[in-house]
Undergrad: 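Questions regarding the structure given below will be posed in turn.
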Amino acid sequence: MLKNMLMNRRYALWLGLGTLGAIGALAKGKAMYSSHKTQDFELAKNNFSIAGKASLKQRAAAKGLIYGAAIPRLYLSSDQKLAARLAQECGILTPEWELKWSAGHKPLRPSPDTFDFTAGDWMAKFARTHRMLLRGHTLVWHESLPTWFKETVNRQNAEQFLVKHIQTVVTHYAGQMHSWDVVNEAIEVKDGRSDGLRKTPWLEFLGTDYIDLAFRLAAEFDPKALLVYNDYGLEYDTSHHEAKRKAVLKLLERLKSRGVPIHALGMQSHMDGNEKRFNPKKLQNFLANVADLGLKIMITEMDVTDKKLPRNPVVRDRMVAAVYQNYLSVVLNEPAVTAVMTWGISDRYTWLSKFQPRSDGAAVRPLPLDSNFRPKLAWNAIARAFDKAPRR
Ligand code: XIL
């Protein structure tokens with residue numbers, strides 16, 4: 001009897017201490033909340049409430065939209081919980097590494113004369129098995145090039161390598177691909193060219209027409225796939241993003257004027273929770289200008305870096321959710337926007353852990369699901385954006 005009483009008293013003590021601890025954390029978060037000076041918190045204070053139990057892919061599909069995510073085979077093949085939640089939430093899958101020239105453990109291009117489709121085929125099979133659409137990322141990029149590229153490809157043979165790569169890879173997946181990121185990140189205004197083109201090996205060896213050629217080849221070998229120009233740094237009201245929007249628009253106009261078979265702009269949408277310079281009107285105008293070219297728009301790699309946000313996860317999650325809400329409410333108002341994809345789906349697997357780590361060492365929290373695959377407020381924010389989006 002006495003032992004039970006002692007146990008109960010100890011339990012009550014733990015419970016009391018635990019409650020005090022939770023109140024303390026919330027109070028600290030609230031204090032930080034109030035100490036943060038921007039109006040974002042006003043937005044973040046909303047309750048992100050959602051109705052019903054529909055998944056993100058169901059909410060997107062109800063409006064004629066597609067939701068999906070990128071993930072590498074390494075994690076998808078070894079984490080059953082991830083595989084299950086990805087299939088549950090996503091209507092489209094982007095292999096994060098497997099269709100680049102060389103990324104991950106089984107590179108697509110092991111040598112100048114060989115292709116290894118093992119990893120890409122595994123991802124295509126996963127998508128097929130779970131009735132998901134498939135995205136190809138990416139045929140022409142200046143990153144993730146194999147080590148042999150530098151010492152092998154030159155002005156004389158670059159076109160032959162480009163043609164061979166696109167012909168072989170696009171033919172291999174012809175009929176399976178919803179869309180291809182044909183060219184990725186070809187604009188870098190800081191490189192100083194009047195056309196804003198990034199100084200890549202492709203530009204150096206083939207001139208500005210490498211972009212036209214890439215799209216024409218992709219269309220020739222898979223007439224069904226949507227062909228996308230994909231880039232980042234188009235989202236905020238900064239001078240750099242404004243200059244990049246102008247250069248991307250100029251490139252798209254040039255391609256369209258030459259009858260190049262391009263169907264969509266991919267906006268990577270790697271957002272920053274700490275970036276305040278967000279101007280809905282300017283973003284809306286850019287989207288409308290792209291749509292006026294007869295192009296669709298896809299949000300291809302969305303995440304929100306919380307690197308500079310307060311450590312408290314309660315505060316951080318609300319601020320990250322507010323970014324998803326603010327950005328998606330603008331882009332989904334543009335009828336030409338057809339898909340939203342996040343770069344990863346769970347905080348357990350995000351490139352930002354390495355690319356944008358927090359200085360305090362806390363795990364980053366940029367994605368809709370937490371590291372145990374539970375929905376966060378970011379998930380609610382995306383769900384609400386789909387629920388509120390005009391039907392396509
Ligand atoms: C990233 C991957 O997520 C990382 O794992 C890899 O180390 C580097 O590339 N824009 C893109 C993607 O188009 O291909 C990049 O993916 C992220 C930025």
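In listed order, ligands and their atoms are each counted from 1.
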Undergrad: Could you tell me the separation between the NE2 atom of His172 and the CG atom of Asp222, rounded to the nearest 0.5 Å?
TA: 12.5 Å

Undergrad: Taking the side chain as every heavy atom from C-beta outward, state whether Met341 and Ile66 have any pair of such atoms under 4.5 Å apart.
TA: no

Undergrad: List the residues meeting salt bridge (Lys or Arg N to Asp or Glu O under 4.0 Å) with Asp292, not counting sequence neighbours, and say none if there are none.
TA: none

Undergrad: Please give the N or O to N or O pairs under 3.5 Å between ligand 1 and the protein, distances rounded to 0.1 Å.
TA:
{"from": "ligand 1", "atom 1": "3 (O)", "to": "Glu96", "atom 2": "OE2", "distance (Å)": "2.5"}
{"from": "ligand 1", "atom 1": "3 (O)", "to": "Trp343", "atom 2": "NE1", "distance (Å)": "2.9"}
{"from": "ligand 1", "atom 1": "5 (O)", "to": "Trp97", "atom 2": "NE1", "distance (Å)": "2.9"}
{"from": "ligand 1", "atom 1": "9 (O)", "to": "Lys100", "atom 2": "NZ", "distance (Å)": "3.3"}
{"from": "ligand 1", "atom 1": "10 (N)", "to": "Glu185", "atom 2": "OE2", "distance (Å)": "3.1"}
{"from": "ligand 1", "atom 1": "10 (N)", "to": "Gln268", "atom 2": "OE1", "distance (Å)": "3.1"}
{"from": "ligand 1", "atom 1": "10 (N)", "to": "Glu301", "atom 2": "OE1", "distance (Å)": "3.0"}
{"from": "ligand 1", "atom 1": "13 (O)", "to": "His137", "atom 2": "NE2", "distance (Å)": "3.2"}
{"from": "ligand 1", "atom 1": "13 (O)", "to": "Asn184", "atom 2": "ND2", "distance (Å)": "2.9"}
{"from": "ligand 1", "atom 1": "13 (O)", "to": "Gln268", "atom 2": "NE2", "distance (Å)": "3.3"}
{"from": "ligand 1", "atom 1": "13 (O)", "to": "Glu301", "atom 2": "OE1", "distance (Å)": "3.4"}
{"from": "ligand 1", "atom 1": "13 (O)", "to": "Glu301", "atom 2": "OE2", "distance (Å)": "2.8"}
{"from": "ligand 1", "atom 1": "14 (O)", "to": "Lys100", "atom 2": "NZ", "distance (Å)": "2.8"}
{"from": "ligand 1", "atom 1": "14 (O)", "to": "His137", "atom 2": "NE2", "distance (Å)": "2.7"}
{"from": "ligand 1", "atom 1": "16 (O)", "to": "Lys100", "atom 2": "NZ", "distance (Å)": "3.2"}
{"from": "ligand 1", "atom 1": "16 (O)", "to": "Trp343", "atom 2": "NE1", "distance (Å)": "3.4"}

Undergrad: Kindly state each residue pair satisfying salt bridge (Lys or Arg N to Asp or Glu O under 4.0 Å) with at least one member in residues 347-356, sequence neighbours excluded.
TA: Asp79-Arg348, Asp347-Lys376

Undergrad: Taking only residues two or more places apart in sequence or in another chain, which ones pass side-chain hydrogen bond (donor to acceptor under 3.5 Å, both in side chains) with Asn380?
TA: none

Undergrad: What closest approach, in Å, do Gly136 and Met177 show between heavy atoms, and which atom pair accounts for it?
TA: N-SD, 3.3 Å

